[in-house]
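Down below is the structure, laid out as structure tokens.
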There are 2 protein chains.
Amino acid sequence: MKEVRARRPLADSTAVHDRVYDAIRQALITGKIAPGVGVSLRSLAAELGVSPMPVRDAVRRLVAERALAINPANKRLSVPSLSAERLEQLELARQWIEPELAARAAPRADEALVRRLKAIDLDLEEALRVGDVDRYMVANHAFHFAIYERAGAEVLLAMAGGLWLQIGPFMRVVFGRVGTGSLPADRHAEAMDALKARDAEGVRRAIAADLSEGMDKMRAAVEAGAGLTAAPTGQTVITVSGGKV
Amino acid sequence: MKEVRARRPLADSTAVHDRVYDAIRQALITGKIAPGVGVSLRSLAAELGVSPMPVRDAVRRLVAERALAINPANKRLSVPSLSAERLEQLELARQWIEPELAARAAPRADEALVRRLKAIDLDLEEALRVGDVDRYMVANHAFHFAIYERAGAEVLLAMAGGLWLQIGPFMRVVFGRVGTGSLPADRHAEAMDALKARDAEGVRRAIAADLSEGMDKMRAAVEAGAGLTAAPTGQTVITVSGGKV
DNA sequence: CGCGCAAAATTGCGATCACAATGCACGAAC
DNA sequence: GTTCGTGCATTGTGATCGCAATTTTGCGCG
């Protein structure tokens, strides 16, 4: 297949490897890529319609961010599995950094931010009602990071992004289990109220509670045997609630 | 120079891009690369005696870890400068994560660890006496991470490593200024004593104090105007473990 | 029917080439 | 002497090729 591809000007805002990165990242955050399955550079490249090179670059970044793992022997990459220890550390880190970001965002909050959050939250609740997992994941991520970005703390924000990237694939598992049951939207409402009042500690508490509830569910799911163990070799399709993801 | 290079078996423990990564990382941590200076893939490749390709991979990882910055317009990369805000966030993150790692290491400490720490600390003090900045930086890094690794917390350890990578280039600036003056070895002694006693909170306090003192100096240096221009202490010579200049 | 070994396919890594874009420098114009 | 424009060098990016190693397949033998 020696197809001649139209050459893209390099100075446009997004290089190919950046778009590939965003595509894989989004797939990870929203849990579209099941943990444990092995992927190859060439297969990803073929799927995305690019050469293996930009995929290599994107994968390097994701591996550096611990969003993808690479088997040292195989050199084959997969989504890392979530052990109990890993979950515990990720929860600890999230519980420290995300309320901190939220608290820092409080004094910088304005009407526009609250309006945007409200819109996102409405979309989130709608997704919950209709059971659209993808939409829920995207909205939840958007809600949190709309707040965090307001903190204006680049380093902390990047750390938080890395943490979400690591737990993203598993949040979907949890949501798939919990379904449209208990919704953390109340915590979101608390956060928005506190933001409107510039109440830093209130925002911190609301986000901490939101995280705590979500991570509780996730811990329960992991302990309940959704323990997604990536087999050392071969492809392991994680099954949750009886269905293939 | 179209020299035919001997091909290295791929399955040996370290790939070329990994060795390049380690080389640049070590150069960053020990502050061998001054902040603000721009580097290019080809120049790095020529310096290391490899093709630009593995350098690209290594640089991707380092950019993902925020150890290198890439100008969005230029697409040119450099060591990111340390602004006051960045320093504040890095300090906050370090003050949270590193004492936590140290505390977790305490119950797992044994005689061998303390002996190793003692050896490192002796080397560190020796480096301080003779004013060998490189040696001091290496020893200090080794001391802290010998403890942190004992915590057995992979996620937190990786985060701490990323933080050191980001402030590494500036620690050298600071200690190049402070010279062999006030030495934080006492905190190291406190940490070792607490480790020997399995006193988690004691280790936590010692590491927190050690960090606090170091970051105080760094903040003073940054405020004094060392933000962008580092002390040009020698050329940036990076050597990969294989030898080739 | 099962097991083991060899051949073919797949995969990651590194090198080299091509190309667009930017940076840099030398020289001309006023 | 200063400033602006044009040509050359350098840089990052992506594609393609070659290679070694691993995985998978296929087939023959027990």
Side-chain angles (χ1 to χ4, degrees), chain A residues 1-24 36-64 68-78 230-236, chain B residues 1-24 36-64 68-79 240-242 244:
Chain A
M1 73 187 216
K2 195 58 172 308
E3 152 194 9
V4 173
R5 219 181 309 281
R7 202 158 180 84
R8 217 172 310 271
L10 290 183
D12 67 349
S13 51
T14 56
V16 176
H17 70 88
D18 275 322
R19 294 187 294 113
V20 172
Y21 171 82
D22 286 336
I24 304 179
V37 305
V39 291
S40 73
L41 296 184
R42 283 177 172 88
S43 65
L44 273 176
E47 190 168 347
L48 294 169
V50 298
S51 88
M53 184 63 59
V55 179
R56 243 170 83 176
D57 290 345
V59 163
R60 277 265 182 254
R61 285 178 63 183
L62 291 164
V63 168
L68 287 177
I70 174 171
N71 188 324
N74 281 13
K75 293 176 184 304
R76 226 167 213 147
L77 47 88
S78 61
T233 82
Q235 296 179 349
T236 310
Chain B
M1 67 175 217
K2 197 60 168 310
E3 152 195 9
V4 174
R5 218 180 310 279
R7 205 158 177 84
R8 208 176 311 271
L10 290 184
D12 68 348
S13 51
T14 56
V16 175
H17 71 89
D18 274 323
R19 293 185 294 116
V20 171
Y21 171 82
D22 286 337
I24 304 179
V37 303
V39 291
S40 74
L41 295 185
R42 284 178 173 87
S43 64
L44 276 176
E47 193 167 349
L48 294 169
V50 298
S51 89
M53 183 62 60
V55 179
R56 238 169 88 174
D57 291 345
V59 163
R60 268 289 168 237
R61 288 178 62 184
L62 292 163
V63 169
L68 288 177
I70 173 171
N71 189 323
N74 280 14
K75 293 175 185 304
R76 225 168 213 145
L77 49 86
S78 61
V79 180
V240 82
S241 58
K244 242 177 118 171

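Residue numbering restarts at 1 for every chain, and letters A, B, ... go by the order of the sequence lines.
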(Q) Which heavy atom of B:Ala58 sits nearest to which heavy atom of B:Val20, and what is that distance? (A) CB-CG1, 3.7 Å
Can you tabulate the close N/O pairs, meaning under 3.5 Å, that link protein atoms to atoms of nucleotides 7-10 of chain C?
none

Q. How far does CG of A:Leu77 sit from CG of A:Leu44, to the nearest 0.5 angstrom?
A. 7.5 Å
Q: Give the rounded distance in Å between these two atoms: CG of A:Leu41 and C1' of C:dG14.
A: 13 Å
Q: Quick one: closest heavy-atom pair of A:Ser51 and A:Pro54, and the distance?
A: O-CD, 3.1 Å
(Q) Salt bridge or not between A:Arg61 and A:Asp22? Use side-chain N to carboxylate O under 4.0 Å. (A) no
Q: Can you tell me the distance, in whole Å, between the CG atom of A:Asp18 and the P atom of D:dG12?
A: 15 Å
Q | Spacing between A:Glu47 atom CD and C:dT11 atom P, to the nearest angstrom | A | 13 Å
Q: Send over the distance from B:Ile70 CD1 to C:dT22 C1', rounded to a whole Å.
A: 13 Å
Q: Enumerate the residues from residues 53-62 of chain B whose closest heavy atom to DNA chain C is under 4.0 Å, giving them by residue number; use none for an empty result.
A: B:Met53, B:Pro54
Q | Atom pair distance, as rounded to whole Å: CG in A:Asn71 and P in C:dT11 | A | 15 Å
**Q.** Of A:Leu77 and B:Pro52, the one whose closest DNA chain C nucleotide lies more 5'
**A.** A:Leu77
(Q) Once rounded to the nearest 0.5 Å, what's the spacing between atom CE of B:Met53 and atom CE of A:Met53? (A) 4.0 Å
Q: List in chain and number order the residues that pass side-chain hydrogen bond (donor to acceptor under 3.5 Å, both in side chains) with B:Arg56, two or more places apart in sequence or in another chain; answer none if no residue qualifies.
A: A:Asp57
Q: Supply the atom-to-atom distance B:Leu62 CG to B:Ile24 CD1, rounded to the nearest 0.5 angstrom.
A: 5.5 Å
